[in-house]
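In what follows, chains are A, B, ... by sequence order, proteins preceding strands, each numbered from 1. We use all heavy atoms of the structure for the numbers below, so side chains are in, but hydrogens, waters and symmetry mates are not.
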Amino acid sequence: MADDYIKVPRFMGGPAGWISILFPAALFIYFAGLLPQIAQTPVMRGIDWVPSLGIRLSVILDGLSMTFALLITGIGTAVTLYSSRYLGDHPHYPRFVSYLLIFMVGMLGLVLADNLISVFVFWEVTTISSYLLIGFNADKAASRRSALQALLVTGAGGLILLAGIIVLGNIAGSYELSEILPQGDMIRAHPWYLAILLMFLAGAFTKSAQVPFHFWLPNAMAAPTPVSAYLHSATMVKAGVFLMARMNPALGGTDVWFWVLTIFGGVTAVFASVMALRQTDIKQVLAYTTLMALGTLTMFIGAGTHYAISAAMLFLVVHSLYKAALFLMIGIVDHSTGTRDATVLRGLGRAMPLTALAAALAALSMAGIPPLVGFVGKEYMYKASLGLDQGMIWVTAMTFAASALMFVAGGIVALKPFRGQLAETPHKAHEGPWQMLAGPLVLGALSLTFGLMPDLLGEYIVGPGARAVYGPHEDLHLHLWGGLNAALYLSLATFAAGLLLYLVHTRIRSALTRIENRNPIDFDAGWDRLLDGFKAFAAWQTGLIQTGSLQRYMAVIFGAFIVMVGGTYLVKGAFSGLPGLSQAEAHPVQWTVLALIAVGSILVVWTHSRMTAVAGMGVVGIGVSLIFIIFSAPDVAITQLLVEVLVVVLVSLVMLRLPYLPRRSSKNFRTGHAIIAGGVGVVTTFLMISVLGSDFDPRLTEFFEKASYPDAHGRNIVNVILVDFRALDTFGEITVVTMAAIAAYALLRGVKKAVPDDEREA
Amino acid sequence: MELLLAITIGIVVATSVYLMLDRNVLRFLFGLVLLSNAVNLVIFAAGRLTAGAPPLIADGAYAPDGQIANALPQALVLTAIVIGFGLLAFTLALVYRTYKSLGTVNSDEMRLAEPEDTHK
Amino acid sequence: MQSLILTTTTRLLVALLLVFSVYALLRGHNLPGGGFIGGLIGATAFILYAIAASVEDAARALKVDPANIAMLGVGVAGLSGLSAGLANQPFFTGQWLFLFAEDGGKGIPISSVLFFDIGVYMAVFGGILTLVFALEREI
């Protein structure tokens, strides 16, 4: 009895545990109380969030979001209760619970938000909290890798989704779902429809792990088991399904929609159920059956008839009930025995009767055996698939294949470990505590209750849900016994096929292992190659761009200036030309000053003497201040003169201590540099000509001129701008000057002592 | 006049760019000084040139009388000059400190943070 | 750099420059001048002194560490901006008090803007002297 969860020190994990359990429980009760109302009409409420961008925190509570909200809070309660025992003594338990609650809020926001931007934000909240939860055991490299993989795959999908949301929002003129969804006909006819659809599906398929983006989900099982039960089975991975269901009125019903969803969904369902048989780790089996469920849901949403949508909604609930229970169950088994290996576990039934009961209820529902709700769900899927066109018989076939394989998976997960002789396990098997048993048992009981009374489910949850996705329709009636019909015969055939497969499943497993070893397409390894490729590309382009050579950087910067500014002039033809310039002749004094500036700057380049260079800079500085004087800027001119004096003093002071390499010989003349320099100069000249030749907007200047004396009591407008109108800017600037001074002081302090002074110029 | 000014600015910019492409950091610094001057001229001229009418309001008047020089770019340039000086002084200190520590003013030889041939 | 003429004239010049720098600061709101120009002139005075005599002499004459002056200046400027908060107005709204104002005239204006400009003066003066002293000392 020395297992981790037995030594839990505090009842239900202390305050963190209590809060985490009570929060979803209270919300669950709140939402459940709204059920009768939702069955009639959807409720909407909203508050403005970023009004200037048209982003509101508006809430849409209809059958669809209600179903999800109940799953999130209900299963959330079961999972947090479970975690209080499963991880209650973990040193990072409060952190774990915080992540879980962040996820819960994000997921609730995602399903309840009426605004697509909010939907995206909450979508990313779930992505990030999923990342943190998968990587919860951060000291394991595999956990970190899986977490990053999930983050990158779903995050990339999320960004594409954001692009789709923005395009859709622009077309529809609103980001509110309540305003977008009624415009379905316009959106479907729009030339951008296909692009929008594909962007939304990229988000949905990555999140809901459709083939070929499925590989992150089995890896995500690195997370603690309650997380797998909650995020990666019952709720988060269904966000993609939710999105498709939510957007169905706006994007659904076209041929593209139908084919893309049914094909991807069907392939995912069958592929995943075959892969499920291949696994020996029961948690992995469950992960692949989750993939199968997601594929099935996608397929039925794609099929799009009222029956199909209802079947999807029903299966959504059914699956969440049994799959969460199974995950929680395997967590108990794992902690009790220390293993999850299907080939090892045997005969736990006697030691863990309650666990076995929960497992049985959930697995029977998964296998689709009456009177569990899983049977109702499967019947309804058959009915819906048979209701499609004749050519769509393959949907039935895929449903059949997946259901038969589910039957087998149910046996592997819940029958085999509990039957027969008790096998040797790392720990001695024993029953789990009530906090961990409560969830699976209640969920199992619900599977049974809804199986016996399917109309309860139909009236309050599935019916309103289907109405929200499909639109108004006659009421839906669910039966446990629907009479002798095609669906029932198919169910019987499923059982037969499933039983047959179960008997030979160990042989199938070894056959699949052999096939897999003969190198089929390995998505997971492909992912690694993709990441390696990115890293190699990053290294290559970093080496290319960041050479570490200042010259190279400067050349790139100036080259970019030439291309961007000059290129814009060429492409846009924006150069306004000379006619706009004032035709005033330059006064001899003026052109003398300009010539002085030009000569001074050329002198700096030309000379090999440091003193001449400093003199050249002084000439330019004095010339510039003369320009300021000529054109009525006394303040600027005085400042420039004073600074110029300081510059010359400082530069001569420092320069005398530095070596200066003359570069006047022809060998040192850099043609490439000269071309870049000339290019920048020419572009600047053209820029100036265009600026001076275009119309001037005097509004700001006029305001300052008019307000300077009456409002700010100053006659020197420049000074008034500096210390009053734009005082905050000036404040920032004197701060910068002070910072620069102190930084330079810090740089220079102690240089004389620290560095021997023998390296003065050669 | 405006055309001549534009050409002069172009020349100063070209020389400063040429200097900033040099691997001697002292010449780079000279380029920086010239470039600050050129950019100040650009900002100043963009507010249009008005000769002989400084942006002052005469005693007794409440608003300037007639056309005066644009005060806004003058205010911008004034602070830019002082900031430019701060930048120059800091760069100068940096160059000097670097020379004292590394014994070179050649930017290609300053490889303390990025040793050569690490990724080739 | 010891030159008799320079050292002799410097004493006079430094005093003149300092007075002039304050004059430029105070008249800046209505005529060319202001904190930036005043600060630069004041700094020039001490740099001249440092060149004529020595950095140590200049620093001794200044008595206060120029870096402190600069930081104090930034503080004065910031406080003058905050003073608008007392009148429940946005940050950096100028506050004016006209002493002995008579009809039509503005008397002696005392304003937060003036203190702001004094802060600019101190920041520029102190900042530049910090830089120059550091360069002269260490090189």
Side-chain angles (χ1 to χ4, degrees), chain A residues 543 548 550-551 554 558 581-582 584 586 590-591 594 597-598 601 604-605 613 617 620 624 631-636 639-640 643 654 658 660-661 673 677-678 680-681 684-685 688-689 691-692 696 700-701 704-706 709-710 715-718 721-722 733 736-737 740 744 747-748 751 755 759, chain B residues 1-4 6-15 17-21 23-24 26 30 33-34 37 41 46 48-57 62-64 69-72 74-75 77-79 81-83 85-86 89-90 92-94 96-97 99-100 103 105 107-108 114 119:
Chain A
L550 181 64
Q551 279 179 295
M554 297 313 295
F558 290 124
L581 296 183
S582 79
Q590 294 174 359
W591 67 254
L594 291 179
I597 294 174
S601 61
V604 181
V605 176
M617 288 194 300
V620 173
V624 169
F631 293 105
S632 334
D635 289 280
V636 188
T639 313
Q640 168 78 19
V643 165
V654 175
L658 294 174
Y660 187 59
L661 311 170
H673 291 178
V680 177
T684 312
T685 300
M688 279 316 292
I689 291 173
V691 167
L692 294 173
F696 181 66
L700 262 183
T701 309
F704 289 132
E705 285 171 3
K706 286 205 182 80
Y709 191 68
R715 295 184 183 280
N716 180 356
I717 303 174
V718 174
I721 293 175
L722 283 175
E733 278 147 1
V736 171
V737 170
L747 264 178
L748 291 172
V751 188
V755 185
E759 290 175 80
Chain B
M1 177 60 198
E2 288 178 340
L3 179 63
L4 279 181
I7 292 170
T8 310
I9 290 173
I11 292 171
V12 180
V13 167
T15 53
V17 168
Y18 186 79
L19 286 166
M20 289 175 84
L21 287 169
R23 71 166 84 79
N24 182 328
L26 204 57
F30 294 167
V33 174
L34 289 184
N37 275 320
L41 272 183
R48 298 304 184 268
L49 303 170
T50 311
L56 300 169
I57 300 169
Y62 277 84
N70 191 347
L72 182 59
Q74 294 193 14
V77 170
L78 198 151
T79 49
I81 292 171
V82 179
I83 291 276
F85 175 73
F90 179 75
L92 208 57
L94 194 62
Y96 184 72
R97 174 82 217 218
Y99 171 64
K100 279 293 168 189
V105 289
S107 66
D108 283 350
E114 297 173 53
H119 47 249

Problem - salt bridge (Lys or Arg N to Asp or Glu O under 4.0 Å) against B:Arg48, all qualifying residues, sequence neighbours excluded - result: none
Measure distances from [X] to the heavy atoms of chain A and classify the residue's part below 4.5 Å as side chain, backbone, both or neither.
X	value
B:Thr8	side chain
B:Leu34	side chain
B:Val33	side chain

Heavy-atom pair count under 4.5 Å with chain A, highest-scoring of [options]:
options	answer
B:Asn37, B:Val82, B:Leu4, B:Val12	B:Asn37
B:Ala71, B:Ala89, B:Gly86	B:Ala71
B:Leu94, B:Val77, B:Leu49, B:Ile9	B:Leu49
B:Gly52, B:Ala53, B:Pro55	B:Pro55

Handout entry: Which residues share a side chain to side chain contact (heavy atoms under 4.5 Å, CB included) with B:Thr79, sequence neighbours left out
Key = A:Leu722, A:Glu733, C:Phe36
Practice task
Using atom types as modelled and distance alone, determine if a side-chain donor or acceptor of A:Thr684 lies under 3.5 Å from a backbone N or O of B:Gly10.
Solution key: no
Exercise for the section: Could you tell me whether a side-chain N or O of B:Gln74 sits under 3.5 Å from a main-chain N or O of A:Ser632, the two making a donor and an acceptor? Expected result: yes
Practice task
Please look at A:Ile721 and chain B and tell me whether the side chain, the backbone, both or neither of the residue comes under 4.5 angstrom of a heavy atom of that chain.
Solution key: side chain
Practice task
Report yes if some heavy atom in the side chain of B:Ile11 is under 4.5 Å from a heavy atom in the side chain of B:Ile7; otherwise report no.
Solution key: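 They are in contact (side-chain heavy atoms under 4.5 Å apart), so the answer is yes.
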Practice task
Could you tell me whether the side chain of B:Leu56 reaches within less than 4.5 Å of the side chain of A:Ile717, counting heavy atoms only?
Solution key: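 Side-chain contact under 4.5 Å: no.
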Practice task
Mind ranking A:Phe558, A:Trp591, A:Phe696, A:Phe704 by heavy-atom pairs under 4.5 Å with chain B and telling me who comes out on top?
Solution key: A:Phe696
Problem - Approximate separation, where rounding is to 0.5 Å, of B:Ile57 CD1 and A:Lys706 NZ - result: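 Spacing of CD1 (B:Ile57) from NZ (A:Lys706) equals 11.5 Å.
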